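These figures come from a predicted structure and were not determined experimentally.
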Amino acid sequence: MRRLSPEERIKAAAHARNRWKKELNRRDVLHSRIRLEPTLRRRIAETKRVHLVVPEVFGLNQNYSESMSIVEQLKQEAFAKDGHKRIFRLDFSQVEHVELDAFLVISAEIDRARNAPGIKNLNRFSAFRPRLWRPHVLAYLEQFGFFDDLVEYSLRRTKRRKALDLGFATVPTIACAGMAPERAGQLSDELRNVAQFFRHPTFVYEGLVEAMHNTVDHAYRDKDLLKYSPVIGDWWWAAAIYLHAESQIQVVMFDQGAGIPKTLPRWSKFEAVRGYFDGWGVPLDDDGLMIRAAIQTSRTSRSSSDGRGKGLGQIVSIARELDDSSVRILSGNGQVIYRQEDDVEVSTLEKHIGGTLIEWRIPVHRNGV
Amino acid sequence: MAQTIKIVEDFHPYPAGRYPADGEGNGTSFREKFLVPALKEKREVIIDLDGAPGYPVSFLEEAFGGLVREGFSPEAIRQWIEVVAKQPGFERYLRHIEEHITVAEQQSSAKHVH
């Protein structure tokens, strides 16, 4: 063990003394509060602390299972019916990489845990030892507005991340209820500000509007299909990022509804969906294939007599019209990645995503194509 | 002289949705406010699409396909309503509108046959 120099010993002693004084002060304050407010001790004892350790790679693309485990743990604790208040301590200290999809899902779940009927004001969220988090992770979360309303955060922000080359620009998270096309319009406008060569904001606007249409029309309609109660109103969350190195824009939207596979049987075009399954010769129980059949039906079948049912087709239309773009839909236990007409990947997810997530990936070409 | 209606200025800056419940910029309201009166009065109108953040399919289908469902013939729609778009990337909407009118017509003739 290295022997400390006299200056270092003085410094260490001063540091220890400060810590000791701070602790004494904290106890004094607490005890005086307990004297003034006799129920406080009981309330403190009744408050449960939940430590959530976010995995090294927090993303639904690269690490779906571990990322969703944390989200599921959060939901189970937040909705536990034991009457305890909870303080969730979010620990991102191990995180090396965050993806927008997982970020948006956890933000939406925190939002719900703070505002859903029955559990409102029971749950609080705070950042656990943020000084140990990687600067680029902290900056990522901060830019999306994670610490604005959702999570309490005490580190002095001015000290952080000077001249950090982040390699991305963000459009902060939008949380909105019902049809709000002006918010979709603002998001697509802001994308043009963060990525000046972006030439396709109309696709983002149209995709978001049709996605919110689906949310309003189907996602929350049948409350019996929902495992956890949603915030009142047809809520959805969206955010976008421009990744410089990839020259790519990612736009993600999430709702906490029942998911496309569960709501399909009530769709006016369900017979056409069933027809695809008959053609494929598989039983009607695969979420990924259900989403794929719904997209195909929306795109190719004749409209119903009132012209409805084309929304999903428009959500994926960008993948057909723009080279190198893709649309990923995660809903229930299924995932579909739509690249081109004949390049569609379908898979089953190990865990339910708790709603529907749509991700658009759009290239940004400097030549303006 | 034909009246020009610029959607973002004369109707709504964010056209979207099908029915009034979907917001003020919905397709039904646009159709009832601008397209139906022009067709009833046999008055020529030019619909200018430029300047909007985009045109979701639900808006276009309800505005133009909805005309056929209200009983206007595709010929009359094409005769009295001219849709223009000069903005790059907006020409696809002209194609979409034409498709919505055609599909709505096929749909309504199929309904009459049955």
Exercise for review: Please check if atom CD1 in Ile46(B) has more than 12 non-hydrogen atoms from other residues, nucleotides or ligands closer than 6.0 Å.
Suggested key: yes
Review point. Can you tell me if NZ on Lys223(A) sees more than 12 non-hydrogen neighbours from other groups inside 6.0 Å?
Key: yes
Point to revise | Arg92(B) side chain near Thr202(A) side chain, heavy-atom distance below 4.5 Å | key: yes
**Study point:** Exceeds 12 heavy-atom contacts within 6.0 angstrom, atom CD of Glu24(B)
**Key:** no
**Study point:** Shortest non-hydrogen contact between Ala16(B) and Pro181(A), atoms and distance
**Key:** CB-CB, 3.5 Å
Practice item. With sequence neighbours excluded, tell me which residues meet side chain to side chain donor-acceptor pair (under 3.5 Å) with Gln314(A). Key: Glu206(A)
**Study point:** Selection from Ser58(B), Gly23(B), Pro13(B) maximising heavy-atom pairs under 4.5 Å formed with chain A
**Key:** Ser58(B)
Point to revise | Engaged part of Glu210(A) at the chain B interface, taking heavy atoms whose separation is under 4.5 Å | key: side chain
Point to revise | Under 4.5 Å from any heavy atom of chain B - which part of Val216(A) | key: neither
Check your understanding: Where is the tightest heavy-atom contact between Pro53(B) and Tyr205(A), given as atom of each residue plus distance?
Key -> O-CB, 3.5 Å
**Study point:** Interatomic distance, Gln186(A) atom CD to Tyr14(B) atom OH [nearest 0.5 angstrom]
**Key:** 5.0 Å
Point to revise | Contacting region of His12(B) [heavy-atom separation from chain A under 4.5 Å] | key: neither
Study note, to complete from the structure: Of all heavy-atom pairs linking His213(A) and Arg18(B), the shortest is NE2-N, 3.8 Å
Review point. With only heavy atoms counted, which part of Pro15(B) is less than 4.5 Å from chain A, the side chain, the backbone, both or neither?
Key: both
